[in-house]
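Take a look at the structure below.
The sequence lines fix the lettering, A, B, ..., with proteins before strands; numbering per chain opens at 1.
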There are 2 protein chains.
Amino acid sequence: MSVKKKSNKKLSEPQLQRASMLFATLSEPSRLRLLQALQEGSLSVGELVEVTGLSQANVSKHLTVLHGARLVKKSRAGVFVNYELADSVVDQLCGLVCAKMERDLAEEARALNG
Amino acid sequence: MSVKKKSNKKLSEPQLQRASMLFATLSEPSRLRLLQALQEGSLSVGELVEVTGLSQANVSKHLTVLHGARLVKKSRAGVFVNYELADSVVDQLCGLVCAKMERDLAEEARALNG
DNA sequence: TTGACATATTACTGATTAGTTATATCGTTA
DNA sequence: TAACGATATAACTAATCAGTAATATGTCAA
């Protein structure tokens with residue numbers, strides 16, 4: 001009994017605060033869309049506007065948030081500012097979340113069929 | 001050039017919506033506190049109130065959200081309702097987030113020292 | 001049934017924030 | 001310098017939501 005899995009990380013209160021902020025950063029569909037777009041590689045603000053269909057001001061604001069969370073890096077190229085993914089954690093988190101969504105769907109299907 | 005990492009998952013729009021909802025669920029410090037408390041094992045609502053210091057109504061509401069996201073399971077034991085973690089994804093996500101926070105701290109320290 | 005206790009729900013309030021519009025800033029070229 | 005195009009910021013609005021207080025629901029015991 002009481003078989004423990006591996007990690008079981010205990011987070012301190014400040015760690016917990018920071019963690020919640022990172023999750024909040026990822027809780028906006030528009031920001032996830034931007035991160036998805038950047039998985040192809042580096043893109044300028046204008047290109048991100050085109051790809052996502054969001055307004056320029058909106059994209060810029062979201063990029064500021066993502067940059068503040070150190071999830072993207074920016075670099076000027078003349079008049080343009082290019083953004084790219086700064087941390088592989090986005091990929092990893094999305095992988096875990098996708099796996100969970102599939103588990104949930106399977107369970108829902110099972111619940112329906114009985 | 002163009003060395004690709006592994007996954008690079010592309011999420012569909014509905015997947016993206018669901019993912020953002022899961023992240024939103026985890027973006028509240030109080031809910032993370034509850035999940036942390038449940039890492040010890042199954043706890044009743046009253047015990048969670050004691051451990052976290054949150055109000056009874058507040059804990060109950062957060063547990064409803066966590067249950068809706070299938071992150072916790074509930075089971076009645078007489079007058080009590082016991083909650084326990086329902087998905088290891090919480091542990092895994094927290095692990096990734098903690099690792100990133102440590103990377104960020106290291107980078108900030110490096111930035112300060114020059 | 002009634003009373004006592006554990007949990008859930010409702011109605012409300014204050015705070016946060018995504019998106020928009022308008023404007024400001026920055027870099028380049030003429 | 002001035003004019004332009006790309007990006008960032010400011011002010012605002014509407015919607016969302018955590019927390020609280022009060023109440024409802026549910027379970028057991030007498």
Side-chain angles (χ1 to χ4, degrees), chain A residues 13 16-38 41-86, chain B residues 13 16-38 41-86:
Chain A
E13 190 62 19
L16 209 137
Q17 288 285 339
R18 274 186 88 129
S20 73
M21 286 177 63
L22 182 53
F23 285 130
T25 301
L26 296 170
S27 70
E28 273 314 302
S30 296
R31 282 197 284 268
L32 290 184
R33 256 173 244 131
L34 288 169
L35 292 172
Q36 290 272 309
L38 290 176
S42 176
L43 288 176
S44 72
V45 178
E47 289 169 324
L48 285 168
V49 168
E50 256 195 69
V51 170
T52 61
L54 301 172
S55 75
Q56 185 270 320
N58 200 12
V59 166
S60 189
K61 248 175 49 171
H62 282 311
L63 288 172
T64 300
V65 174
L66 291 170
H67 188 252
R70 295 177 183 277
L71 293 176
V72 299
K73 287 183 291 190
K74 64 197 285 190
S75 59
R76 251 197 189 280
V79 177
F80 302 93
V81 178
N82 292 312
Y83 284 85
E84 60 182 319
L85 294 186
Chain B
E13 190 62 19
L16 207 138
Q17 288 285 339
R18 273 186 87 129
S20 72
M21 286 175 62
L22 181 53
F23 285 129
T25 301
L26 297 170
S27 70
E28 272 316 302
S30 296
R31 283 197 283 268
L32 290 184
R33 257 173 245 133
L34 288 168
L35 292 171
Q36 290 270 311
L38 290 175
S42 176
L43 288 177
S44 72
V45 178
E47 289 169 324
L48 285 167
V49 168
E50 255 194 74
V51 170
T52 62
L54 302 171
S55 74
Q56 185 269 323
N58 200 11
V59 166
S60 188
K61 249 177 46 171
H62 282 311
L63 287 173
T64 301
V65 174
L66 291 171
H67 188 252
R70 296 176 183 279
L71 293 175
V72 299
K73 288 184 291 190
K74 63 196 285 191
S75 60
R76 243 190 198 286
V79 154
F80 302 92
V81 178
N82 292 314
Y83 285 85
E84 59 182 320
L85 294 185

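Counting all heavy atoms, side chain and backbone alike, B:H67 lies closest to B:K73 at CD2-CA, 4.3 Å.
A heavy atom closer than 4.0 Å to some atom of DNA chain D occurs in B:E28, B:S30, B:R31, these being the qualifying members of residues 25-35 of chain B. Within a heavy-atom distance below 4.0 Å of DNA chain C, the residues of residues 69-78 of chain B found are B:K74. Within residues 48-66 of chain B, the residues approaching DNA chain C are B:Q56, B:A57, B:S60, B:T64, by heavy-atom distance under 4.0 Å.
Among the heavy atoms of the strands lying under 4.0 Å from B:V79 is at least one base atom, whether or not backbone atoms are also near.
The nucleotide range of DNA chain D contacted by chain B, defined by atoms under 4.0 angstrom from heavy atoms of the protein and reported 5' to 3', is D:dA18 to D:dC28. In the 5' to 3' direction, nucleotides of DNA chain C lying under 4.0 Å from heavy atoms of chain A begin and end at C:dA18 to C:dT28.
Using a 4.5 Å cut-off on side-chain heavy atoms (C-beta onward), A:V65 and A:R31 make contact. At a threshold of 4.5 Å between non-hydrogen side-chain atoms, the residues A:Q36 and B:L16 count as touching. Inter-residue side-chain proximity for B:V72 and B:L35 is flagged as met; some heavy-atom pair is nearer than 4.5 Å.
With sequence neighbours excluded, the residues that form a salt bridge (charged side-chain N to carboxylate O under 4.0 Å, His left out) with B:R70 are A:E107, A:E108. Evaluation of the side-chain contact (heavy atoms from CB on, under 4.5 Å) rule for A:S42 yields A:N82, A:E84 as partners, not counting sequence neighbours.
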Do any side-chain atoms of residues 46-60 of chain A form donor-acceptor pairs under 3.5 angstrom with protein atoms, and if so which ones, sequence neighbours left out?
{"from": "A:E47", "atom 1": "OE1", "to": "A:S44", "atom 2": "N", "distance (Å)": "2.8"}
{"from": "A:E47", "atom 1": "OE1", "to": "A:S44", "atom 2": "OG", "distance (Å)": "3.3"}
{"from": "A:T52", "atom 1": "OG1", "to": "A:L48", "atom 2": "O", "distance (Å)": "2.6"}
{"from": "A:T52", "atom 1": "OG1", "to": "A:L54", "atom 2": "N", "distance (Å)": "3.3"}
{"from": "A:S55", "atom 1": "OG", "to": "A:N58", "atom 2": "N", "distance (Å)": "3.1"}
{"from": "A:N58", "atom 1": "OD1", "to": "A:H62", "atom 2": "NE2", "distance (Å)": "3.2"}

Please list every donor-acceptor pair under 3.5 Å in which a side-chain atom of residues 20-29 of chain B meets a protein atom from a residue at least two apart or in another chain.
{"from": "B:S20", "atom 1": "OG", "to": "B:Q17", "atom 2": "O", "distance (Å)": "2.7"}
{"from": "B:T25", "atom 1": "OG1", "to": "B:M21", "atom 2": "O", "distance (Å)": "2.9"}
{"from": "B:S27", "atom 1": "OG", "to": "B:A24", "atom 2": "O", "distance (Å)": "2.6"}

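Interatomic distance, A:L63 CG to A:L38 CG, rounded to the nearest 0.5 Å: 7.0 Å.
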